[in-house]
Protein chains: 2
Amino acid sequence: MARTTGSRAAITGPLVRRAALQLFARHGYAAVSMRQIAAAVGVQAGALYAYTPDKQALLAGLLVEHMEDLLSAWGDGPDAPPMDRLEAFVRFHIAYSLDHADSVFLSYMELRNLNPENHAAIAALRGRYEDALTAILREGAAAGVMRLADARLTTMALIAMLTGVTNWFREGGRLDRQAVADHYWGLVRGAVGAG
Amino acid sequence: MARTTGSRAAITGPLVRRAALQLFARHGYAAVSMRQIAAAVGVQAGALYAYTPDKQALLAGLLVEHMEDLLSAWGDGPDAPPMDRLEAFVRFHIAYSLDHADSVFLSYMELRNLNPENHAAIAALRGRYEDALTAILREGAAAGVMRLADARLTTMALIAMLTGVTNWFREGGRLDRQAVADHYWGLVRGAVGAG
DNA sequence: GTCTATAACGCGATAGAC
DNA sequence: GTCTATCGCGTTATAGAC
């Protein structure tokens with residue numbers, strides 16, 4: 001068994017990523033310096049380069065990690081009726097977005113700071129997530145329980161609507177999470193012609 | 001009549017703002033240097049300070065200008081029936097967002113780079129725009145032609161959905177602007193219970 | 001694995017000539 | 001109004017000690 005006493009790599013690594021995520025989301029990738037990240041973790045700037053080859057790889061790693069976590073968290077039940085699956089998707093997407101607001105915001109805002117390869121990788125992962133909703137919508141339309149003019153457009157529209165909850169929702173505000181999710185589900189149900 | 005021959009202030013000023021808007025939208029405020037903006041305009045960096053006291057005032061000016069233009073472009077017809085006004089809002093918002101994609105993106109992404117006073121000014125202008133939609137929804141609900149659980153939540157949800165069109169719409173793609181607007185209007189109609 | 005020190009460069013902003 | 005030149009500082013990234 002390897003001796004790790006005295007080494008803090010196992011905890012410093014995640015700390016670096018957590019600090020970078022928070023700072024990037026709050027101030028923007030370009031506005032955050034490696035020194036700020038290091039200070040948040042409690043190490044010197046040079047030490048960060050033991051955990052990432054450079055600043056952009058740090059960002060790309062955060063976004064890949066986020067998309068993979070999102071995809072694995074969405075556990076669809078492919079045998080359930082389409083309306084049940086749609087409701088589950090709506091409630092899942094809202095809850096996940098609110099629980100991971102920093103990651104969600106970052107993965108919408110900082111795509112432009114990725115090089116082409118990293119950008120393509122993230123876009124592909126996002127496409128798989130969108131496909132999950134599109135599949136539900138197509139099944140619902142085929143089963144006659146939803147009325148859709150265009151499944152792909154509806155996918156993009158609904159995801160934008162649901163993700164937008166992060167722009168205004170505040171814990172302890174007029175509506176709690178349950179009420180917000182209920183209201184969004186009502187809007188979605190109407191939008192897919194199942195009001 | 002003042003002599004202006006030899007002075008290019010009248011054209012350089014707008015050029016500076018146009019270049020800054022494009023670069024800020026493309027790369028992010030923090031990632032763009034005054035030297036880059038100057039190069040895009042064709043002057044030296046120092047010359048920019050004849051048009052703005054500093055970099056942040058340049059950003060704030062762009063955002064105020066955008067919100068004021070948006071508000072004045074939305075010419076509501078308060079006497080029309082609520083469903084007609086809602087349809088007009090949907091089509092206006094989509095068209096305006098696609099026509100001013102850089103400004104729209106910037107005013108969502110770079111609020112955090114404003115100081116508190118500038119931030120409050122922009123938020124107030126945005127609130128007035130949101131109020132316009134909320135008013136339409138409340139009238140529709142009162143008239144019994146819309147069914148809404150919560151007018152303010154619906155406002156935020158619909159604006160996020162409509163603005164999201166800028167994330168995926170591409171000129172010359174599968175759907176043209178007219179088709180996109182028609183489909184979004186169908187979604188909105190269903191969402192407000194008037195499907 | 002983390003430190004100090006530093007290389008190499010770009011930044012926002014200003015001063016003063018024209 | 002625009003230029004050149006410059007100040008003072010911050011940046012990413014690396015080198016080498018421990």
Side-chain angles (χ1 to χ4, degrees), chain A residues 1-24 26-63 106 110 112-115 117-118, chain B residues 1-24 26-63 106 110 112-115 117-118:
Chain A
M1 191 187 243
R3 220 192 125 80
T4 56
T5 307
S7 164
R8 278 180 295 196
I11 56 174
T12 303
L15 280 180
V16 168
R17 302 218 296 231
R18 193 183 316 166
L21 171 61
Q22 202 171 98
L23 288 167
F24 288 163
R26 188 120 57 209
H27 307 291
Y29 169 78
V32 174
S33 71
M34 295 297 269
R35 281 176 175 80
Q36 283 176 271
I37 298 168
V41 176
V43 300
Q44 296 299 313
L48 297 180
Y49 291 86
Y51 303 98
T52 179
D54 56 31
K55 191 183 171 189
Q56 207 216 124
L58 184 55
L59 172 64
L62 289 172
L63 298 193
L106 205 63
E110 301 293 0
R112 61 191 174 188
N113 283 308
L114 296 176
N115 63 34
E117 301 90 62
N118 287 335
Chain B
M1 186 151 90
R3 218 193 128 79
T4 56
T5 306
S7 163
R8 279 180 294 194
I11 57 174
T12 303
L15 280 180
V16 168
R17 301 218 298 232
R18 193 184 316 166
L21 171 62
Q22 200 170 100
L23 288 167
F24 287 163
R26 187 121 57 208
H27 306 291
Y29 169 78
V32 174
S33 71
M34 295 297 271
R35 284 171 174 80
Q36 281 176 271
I37 298 168
V41 176
V43 299
Q44 294 300 314
L48 297 180
Y49 291 86
Y51 302 97
T52 179
D54 56 32
K55 191 183 171 188
Q56 208 217 131
L58 184 55
L59 172 64
L62 290 171
L63 299 193
L106 204 64
E110 302 292 0
R112 60 190 175 188
N113 283 307
L114 296 175
N115 63 35
E117 302 89 63
N118 287 334

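Numbered from 1 within each chain, the chains take letters A, B, ... in sequence-line order.
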K.L.:
Which value, rounded to the nearest 0.5 Å, describes the distance between Leu59(B) atom CG and Thr52(B) atom OG1?
P.N.:
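Output value for this atom pair is 9.5 Å.
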K.L.:
Between Gln44(A) and dT4(C), does any side-chain N or O lie under 4.0 Å from OP1 or OP2?
P.N.:
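Yes.
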K.L.:
Can you spot which of Leu114(B), Leu106(B), Asn113(B) makes a side-chain contact (heavy atoms from CB on, under 4.5 Å) with Tyr29(B)?
P.N.:
Asn113(B)
K.L.:
Between atom CG of Leu58(A) and atom CG of Leu62(A), what is the distance when rounded to the nearest 0.5 Å?
P.N.:
5.0 Å
K.L.:
Give a yes or no on whether the backbone of Asn115(A) and the side-chain of Gln56(A) come within a donor-acceptor separation of less than 3.5 Å.
P.N.:
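Judged by distance alone, yes, a pair lies under 3.5 Å.
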K.L.:
Assess whether side chain to side chain donor-acceptor pair (under 3.5 Å) is satisfied between Arg18(B) and Gln22(B), documenting all intermediate values.
P.N.:
CA-CA 6 Å; Arg18(B) 193 184 316 166; Gln22(B) 200 170 100; over 6 Å; no
K.L.:
Are Tyr49(B) and Met34(B) close enough that some pair of their side-chain heavy atoms sits under 4.5 Å apart?
P.N.:
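The answer is yes, as the side chains (C-beta and beyond) meet within the 4.5 Å cut-off.
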K.L.:
Has Thr12(B) got a side-chain N or O lying under 4.0 Å from the OP1 or OP2 atom of dG1(D)?
P.N.:
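No.
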K.L.:
Whole-Å distance between dC11(C) C1' and Ile37(B) CD1?
P.N.:
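Rounded to the whole Å, the gap is 12 Å.
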K.L.:
Just the rounded figure in Å: distance from P of dT2(D) to CG of Leu48(B).
P.N.:
9 Å
K.L.:
Spell out, as yes or no, whether a donor-acceptor pair under 3.5 Å connects the side chain of Gln36(B) to the backbone of Ser33(B).
P.N.:
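Flag set: sc Gln36(B) to bb Ser33(B) pair under 3.5 Å.
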K.L.:
Enumerate, in order of first residue number, the stems that involve DNA chain D, defined as 3 or more consecutive Watson-Crick or G-U wobble pairs with both distances under 3.5 Å.
P.N.:
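The stems that DNA chain D takes part in, listed by first number, are C:1-18 with D:1-18.
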K.L.:
Send over the distance from Tyr51(B) OH to dA13(C) C1', rounded to a whole Å.
P.N.:
17 Å
K.L.:
As an exercise, state the distance from CD1 of Ile11(A) to CG of Leu15(A), rounded to the nearest 0.5 Å.
P.N.:
6.0 Å
K.L.:
If the sugar-phosphate is the primed atoms plus P, OP1 and OP2 and the base is the rest, what is the B/S/- string for nucleotides 11-18 of chain D, using protein heavy atoms under 4.0 Å?
P.N.:
BBBB----
